[in-house]
There are 2 protein chains.
Amino acid sequence: MPAARPSNSRATINDVAARAGVSRGTVSRVLNAEAYVSDSARAAVEAAILEVGYVRNEAARGLVTRRSQAVGLIVHEPHSLFLEDPNIGSILLGINSALSEADYQLVSLVVDSDRDSDRVAGYITGGFVDGVVIISARAHDPIGRAVAAAGIPAAYVGHPIDVEGVPYAGIDNYSAALAITRRLVATGRRRIGMIAAGLDRDSGQDRLAGFTEALGPSFRKELVVEVPLYSHGCGLDGMRLLLDTDPEIDGVFASSDAIAAGALDVLREAGRSVPGDVGVVGFDDSAWALRTQPPLSTVHQPAGELGRRAAELVLAQLRGEDVGLGGSFLDTSIVWRTSA
Amino acid sequence: MPAARPSNSRATINDVAARAGVSRGTVSRVLNAEAYVSDSARAAVEAAILEVGYVRNEAARGLVTRRSQAVGLIVHEPHSLFLEDPNIGSILLGINSALSEADYQLVSLVVDSDRDSDRVAGYITGGFVDGVVIISARAHDPIGRAVAAAGIPAAYVGHPIDVEGVPYAGIDNYSAALAITRRLVATGRRRIGMIAAGLDRDSGQDRLAGFTEALGPSFRKELVVEVPLYSHGCGLDGMRLLLDTDPEIDGVFASSDAIAAGALDVLREAGRSVPGDVGVVGFDDSAWALRTQPPLSTVHQPAGELGRRAAELVLAQLRGEDVGLGGSFLDTSIVWRTSA
DNA sequence: TTGTATGCGTTATCAT
DNA sequence: ATGATAACGCATACAA
């Protein structure tokens, strides 16, 4: 009887080799399905693997192969994202789907404090992942810097606000806002306001620019109210301000479906009918859009595809391809329901 | 000039040692803030670290220290969870918070296909994490089995449906349902129905049992409708069925806030006033509860604390403590708003 | 076809 | 206080 391993320790290739009566090299070859291993050796090794309960230490393997077959997803500001952003789940699934097909493991890392930030930066540069997808955020935070300094293949979902030279997957916010505002105009609305969020990033700025362009000369600056978040609560606040400013308002473009939902609640309270008195449109085509009363006309954002595209940008770099810098844009479409 | 490293490769301890004119051992001691290193050596090493741009390879470190300082979070069924469960974000943040304090990195792993399942199992057993938190789900899936077989410290959020001997963090669903139904009764409701979801797990069963107990002899079996998911859509369906069964129904206990929100929509459509004609209560105290019209009376579930507790169960095992098996229960409370 | 030797980047155990 | 040297678990070039 061969000396047994201590029961608290896991079986290694050495144990398998000893049990099968072959060398470590042969075991490794069987494990990696390489050619040039005899049927008898293979059978002995496979039996031994079962007998000793061997499972490969992927971390040790990565040390020598110099790749982990894992890609990190960095999620900043989880409070607002997870609790308010209805698209985050779809983005995550899109990323996972693309990575899964390429046999990469997605590992999601949440940054919820400065302490997290440092630890995640260490994890990312510590050899646990081969690349990273970063959701929105700014590139010049500690993690963005660490990623750039370490030269780790990366891609962003959404354009980071403070840097140009990075690959990212996004949508054309300007054109989308332009298009849906034009349709609002085409339905005969004449006093159209906007509840604008995220003006500190270019997605927000672009939506405002598209809105402004669509209205042309009839644009009225006082009918744009700025709110801090893409949230339902901010929709409540924003709509109240708009009604104060112009009680005759007959159209509203909300920066997100959640904001639009808040606006609808205020309008109902104020006794305005939608779409009779006021037409309301949103942005995202998230789960909100179907729950509102009435259902929301909105810009459909291909959240899953955005995630998938960002993941593909990373995978391409992992294959050694040059993906170039700047945005990779996906198409949006307008979903016209009954709120306008 | 010392031979430079190839620019595509990262600096190692050897590079730092060479640059600083000391041995690897000394560099390692500086890195780990150990005692017995002279000020001069320390200064030289620290300078060299900056000069060569050294960042530690944590994966290699884990190979020798035999711990990764990371804990995995396994999320099954992301479609329904991420898109419908409003508590998942809070749970995640609670887990992250507890791990962060103990200097562990949380890595979230999504299981969205059989392929994912195998890959995640390999990742978990592959030395990348020291322990795992598993959200709900069943324990006898490939991952649960792999975790058990490998003897990896684990804890569940919510009671897995098909296994007993695991530590988990949960709430007392029976008592919570009992309490809120009793309050519904106390407001004078006499024809009370329930929209029940998740009857395939004991959380769902326990809520039904608490409801039944609270009603006592006035319990009417036909006023319990079963729906497959904890979703808004199922709330619509369930409420329609209840109205068909008993148009005079004056109270509803919904298995979740999302279901309650759906029920409210149907009641409004049907011209019933809430809480005038019908009292409605939910479960979760999720973001839904404040958005509904009127705001929802519901059971507050400490989602963040549940995550935190599960993480602590894993951390305790990592410290070598015996956490015992079975549930670790957290208190719920009733939030009485205006829907009942 | 198989075994041996070496190295991945780090910590840890010895000496000194 | 510091420097060799040996692991950690695995893959791989080379020898046989």
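Note that the structure is a prediction, hence the values are computed from the model and not measured. Letters go in sequence order (proteins before strands), and every chain restarts at 1.
Among residues two or more places apart in sequence or in another chain, the side chain to side chain contact (heavy atoms under 4.5 Å, CB included) test is passed with A:L325 by A:P167. Partners of B:E34 by side-chain hydrogen bond (donor to acceptor under 3.5 Å, both in side chains), not counting sequence neighbours: none found. By the side chain to side chain contact (heavy atoms under 4.5 Å, CB included) test, A:L50 pairs with no residue at all, sequence neighbours left out. Every residue was checked against the ring-ring contact (aromatic ring centres under 6.0 Å, His included) condition with B:Y104, not counting sequence neighbours, and none meets it. In terms of the side chain to side chain contact (heavy atoms under 4.5 Å, CB included) criterion, residue partners of B:S117 (sequence neighbours excluded) are, by chain and number, B:V111, B:P142, B:I143. Residues satisfying the side chain to side chain contact (heavy atoms under 4.5 Å, CB included) test with B:D39, not counting sequence neighbours, are none.
If you take CG of B:L63 and P of D:dA7, they are 14 Å apart, rounded to a whole angstrom. Atom pair A:R66:CZ and D:dC10:P shows a separation of 18 Å (rounding to whole Å applied). The nearest whole Å value for the distance from the CD atom in A:Q69 to the C1' atom in D:dA11 is 15 Å.
Residue pairs that meet the ring-ring contact (aromatic ring centres under 6.0 Å, His included) test with at least one member in residues 20-41 of chain A, sequence neighbours left out, do not exist here. Applying the side chain to side chain donor-acceptor pair (under 3.5 Å) test to residues at least two apart or on different chains, the pairs with a partner in residues 40-51 of chain B are B:R19-B:E51, B:S38-B:S40. Sequence neighbours left out, the pairs with a member in residues 88-102 of chain A that pass salt bridge (Lys or Arg N to Asp or Glu O under 4.0 Å) are A:E101-A:R308.
Looking at residues 37-53 of chain B, you'll see B:V37, B:S38, B:A41 sit with a heavy atom under 4.0 Å from some atom of DNA chain D.
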Item to check | Footprint string (nucleotides 10-16 of chain C, 5' to 3'): B base within contact, S backbone only, - free, heavy atoms under 4.0 Å | outcome: BBB----
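Note on B:T26: a side-chain N or O is less than 4.0 Å away from OP1 or OP2 of D:dG3.
In the helix from C:dT1-D:dA16 to C:dT16-D:dA1, the end axes, each obtained as the rotation axis mapping the C1' atoms of four pairs onto the next four within a five-pair block, lie 50° apart to the nearest 10 degrees.
At least one donor-acceptor pair closer than 3.5 Å links the side chain of A:Q317 to the backbone N or O of A:A154.
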